Amino acid sequence: MDAIEAAQVLSEIGYLLRQDAKERFRAKAFSAAAWSLALQRPDLADLHRAEKLTSIEGVGEGIARVLSDVIQTGASRYLNRLREQSKQPAREDESDLDFDDYRGDIHSHTNWSDGRATMLEMARGAQALGYSYLGITDHSPRITVVHGLNAERLVAQSREMADVQSQVDGMTLLQGIEVDILEDGSLDLPDAVLEILDIVIASPHVKLRQEPAAMTERMMRAVSHPHVDVIGHPTGRRPGSREGASYDFELVFREAAKRGVALEIDCDPARMDLSPEMARLASEYGCHFAIDADAHAPAEFAYVPMALWMARRAGIARDRILNFRSPDELTMTR
Ligand SMILES: [Zn+2]
Ligand SMILES: [Zn+2]
């Protein structure tokens with residue numbers, strides 16, 4: 001049981017606890033401890049022997065007890081109980097995915113929009129994890145509060161990207177955008193701009209409570225757009241606090257599969273969108289997936305290793321996940 005495997009156990013506990021409003025704070029504590037394990041990767045066997053598990057940031061007595069169960073037995077009785085209570089048992093047809101094979105993250109933000117770090121800091125963070133590529137996908141103009149990028153600022157950003165690229169060896173920076181899916185399903189930037197970018201992630205951010213029929217039409221239009229590569233956090237849900245959008249998932253996911261548009265599993269613990277259940281459905285319809293951190297700071301890249309259990313639980317095959325491919329193979333689904 002290494003730190004990443006243990007982080008996944010704590011992450012799943014946090015996820016299941018989030019579904020009960022009363023457990024909100026405990027849920028956050030488990031997610032934070034999972035994050036700290038995925039980030040720092042301490043030697044758990046050593047710490048356990050020395051009875052120093054609580055020296056890990058975010059690990060108090062309660063979480064240390066869960067961890068020591070995991071370290072000693074390779075499983076968590078607490079997690080198993082939660083799975084039973086929430087009727088989300090482990091499944092026999094889970095896939096076998098390893099973070100060692102994860103090649104790069106394609107959804108991240110910088111201080112060009114609402115990220116908290118520079119592009120260089122983000123690039124160095126991804127490089128430190130051994131990624132072969134990183135997609136920089138800041139927000140589009142509609143989100144004015146975060147200084148979304150219009151065509152002019154994207155050009156300026158591409159100049160900075162060339163400079164940053166020259167400072168990170170062995171890692172390819174991809175210039176993209178997280179473009180808003182507007183209420184009518186059109187996108188927040190002209191086609192001519194989307195066309196020249198390496199990655200276009202189209203995400204619903206506002207008006208998530210539209211009538212299902214209108215929402216279906218909106219999502220169908222986005223999925224059918226010729227320049228869209230990925231649908232970002234496809235439901236917009238916030239586990240434990242906000243229900244996501246409701247639409248004809250089968251229709252939209254089947255269209256995405258047909259057009260080779262990937263669906264995102266956003267690993268931010270506040271999102272975890274698609275959920276394992278929804279991702280399983282999408283996988284059965286033939287969809288591809290992008291598993292990413294939606295990182296707004298380098299430390300948040302660690303959301304991916306801690307949440308990889310979601311894709312396993314969904315039974316997604318390795319070859320359906322873009323992030324397990326080399327940068328050249330990324331566009332193979334289109
Ligand atoms: Zn977003
Ligand atoms: Zn984002």
Side-chain angles (χ1 to χ4, degrees), residues 1 3-42 44 53-71 73 75-91 94 99 107 116 205 208 232-246 264-280 291-297 299-314:
M1 177 68 57
I4 288 181
E5 290 168 312
Q8 292 183 13
V9 171
L10 300 190
S11 161
E12 188 178 347
I13 292 173
Y15 174 76
L16 293 174
L17 286 173
R18 251 167 225 259
Q19 298 171 22
D20 178 353
K22 294 193 301 292
E23 298 284 15
R24 201 168 68 238
F25 295 107
R26 197 152 32 144
K28 280 195 176 158
F30 271 94
S31 300
W35 186 22
S36 151
L37 285 183
L39 196 61
Q40 291 159 14
R41 316 221 194 141
L44 290 177
L53 287 172
T54 52
S55 69
I56 303 167
E57 204 185 320
V59 176
E61 294 291 343
I63 295 179
R65 270 197 300 279
V66 173
L67 263 182
S68 87
D69 187 25
V70 168
I71 295 162
T73 68
S76 164
R77 280 167 292 184
Y78 182 47
L79 173 57
N80 289 339
R81 203 161 61 234
L82 282 174
R83 281 174 175 169
E84 268 169 46
Q85 282 166 5
S86 56
K87 302 201 166 43
Q88 297 181 44
R91 309 197 32 149
E94 290 183 13
F99 181 64
H107 182 175
R116 297 183 298 281
H205 285 115
L208 296 171
H233 41 76
T235 76
R237 74 186 192 133
R238 298 265 175 178
S241 64
R242 183 172 83 197
E243 234 182 286
S246 168
E264 180 179 55
I265 295 179
D266 185 318
C267 295
D268 180 339
R271 290 196 179 274
M272 300 185 112
D273 183 13
L274 294 172
S275 68
E277 299 75 37
M278 295 282 284
R280 174 172 284 274
I291 301 182
D292 46 54
D294 196 353
H296 288 66
E300 292 178 1
F301 286 128
Y303 289 162
V304 168
M306 69 189 249
L308 212 55
W309 65 269
M310 296 176 69
R312 273 209 303 272
R313 179 63 42 88

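Just the heavy atoms: all of them, side chains too, but no hydrogens, waters or symmetry mates, feed the values below. What you see is a predicted model; the values in this text were computed from it and never measured.
- Shown here for S76 and D69, the closest heavy-atom pair between the two residues is CA-OD2, 3.7 Å.
- Between R91 and E94 the shortest side-chain heavy-atom distance falls below 4.5 Å.
- Summarising the geometry of A270 relative to P239, their closest heavy-atom pair is O-CD, 3.1 Å, with the distance given to 0.1 Å.
- Taking 4.5 Å as the limit, some side-chain heavy atom of P276 sits within range of a side-chain heavy atom of W309.
- The two residues P305 and I4 come nearest to each other via the heavy atoms O-CG2, 3.9 Å.
- When side chains are defined from C-beta on, I56 counts as touching S36, because their heavy atoms get closer than 4.5 Å.
- The ring-ring contact (aromatic ring centres under 6.0 Å, His included) search around F301 returns none, not counting sequence neighbours.
- Rounding to the nearest 0.5 angstrom, the gap separating the CE atom in M278 from the CD1 atom in I265 is 11.0 Å.
- Smallest separation of non-hydrogen atoms from L208 and T235: CD2-O, 4.2 Å.
- Side-chain contact check for E12 versus M310: every heavy-atom pair is 4.5 Å or farther apart.
- Residue K22 holds its NZ atom at 11.0 Å from CG of L17, rounded to the nearest 0.5 Å.
- Note that CG of L274 and CG of D266 are 9.5 Å apart. Values are rounded to the nearest 0.5 Å.
- Judged by distance alone, with hydrogens and angles left aside, the side-chain atoms of S31 form a donor-acceptor pair with the main-chain N or O of A27 at under 3.5 Å.
- At a threshold of 4.5 Å between non-hydrogen side-chain atoms, the residues L79 and L16 count as touching.
- Judged as a salt bridge (charged side-chain N to carboxylate O under 4.0 Å, His left out), and not counting sequence neighbours, the contacts of E23 are R26.
- Proximity of a side-chain donor or acceptor of S11 to a complementary backbone N or O of M306 within less than 3.5 Å is detected.
- Using a 4.5 Å heavy-atom threshold, the side chains of Y15 and R18 count as separate.
- Put simply, the side chain of E300 does not reach to within 4.5 Å of the side chain of D268, judged on heavy atoms.
- In E57, the CD atom is not crowded: 12 or fewer heavy atoms of neighbouring residues, nucleotides or ligands sit closer than 6.0 Å.
- For the atom pair NE2 of H107 and CD1 of I291, the computed distance is 14.5 Å after rounding to the nearest 0.5 Å.
- The two residues L44 and A3 come nearest to each other via the heavy atoms CD1-CA, 3.9 Å.
- Side-chain contact annotation: R237 with S275, donor-acceptor N/O pair under 3.5 Å absent.
- In R242, the CZ atom is crowded: over 12 heavy atoms of neighbouring residues, nucleotides or ligands sit closer than 6.0 Å.
- Residues C267 and D294 are not in side-chain contact: their nearest non-hydrogen atoms beyond the backbone lie 4.5 Å or more apart.
- The shortest heavy-atom contact between A29 and I63 is O-CD1, 3.6 Å.
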**Candidate pair R271 and E264, rule salt bridge (Lys or Arg N to Asp or Glu O under 4.0 Å), full reasoning** = CA-CA 11 Å; R271 290 196 179 274; E264 180 179 55; over 6 Å; no
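- The one candidate from R313, Q19, R83 that meets the side chain to side chain donor-acceptor pair (under 3.5 Å) condition with Q88 is Q19.
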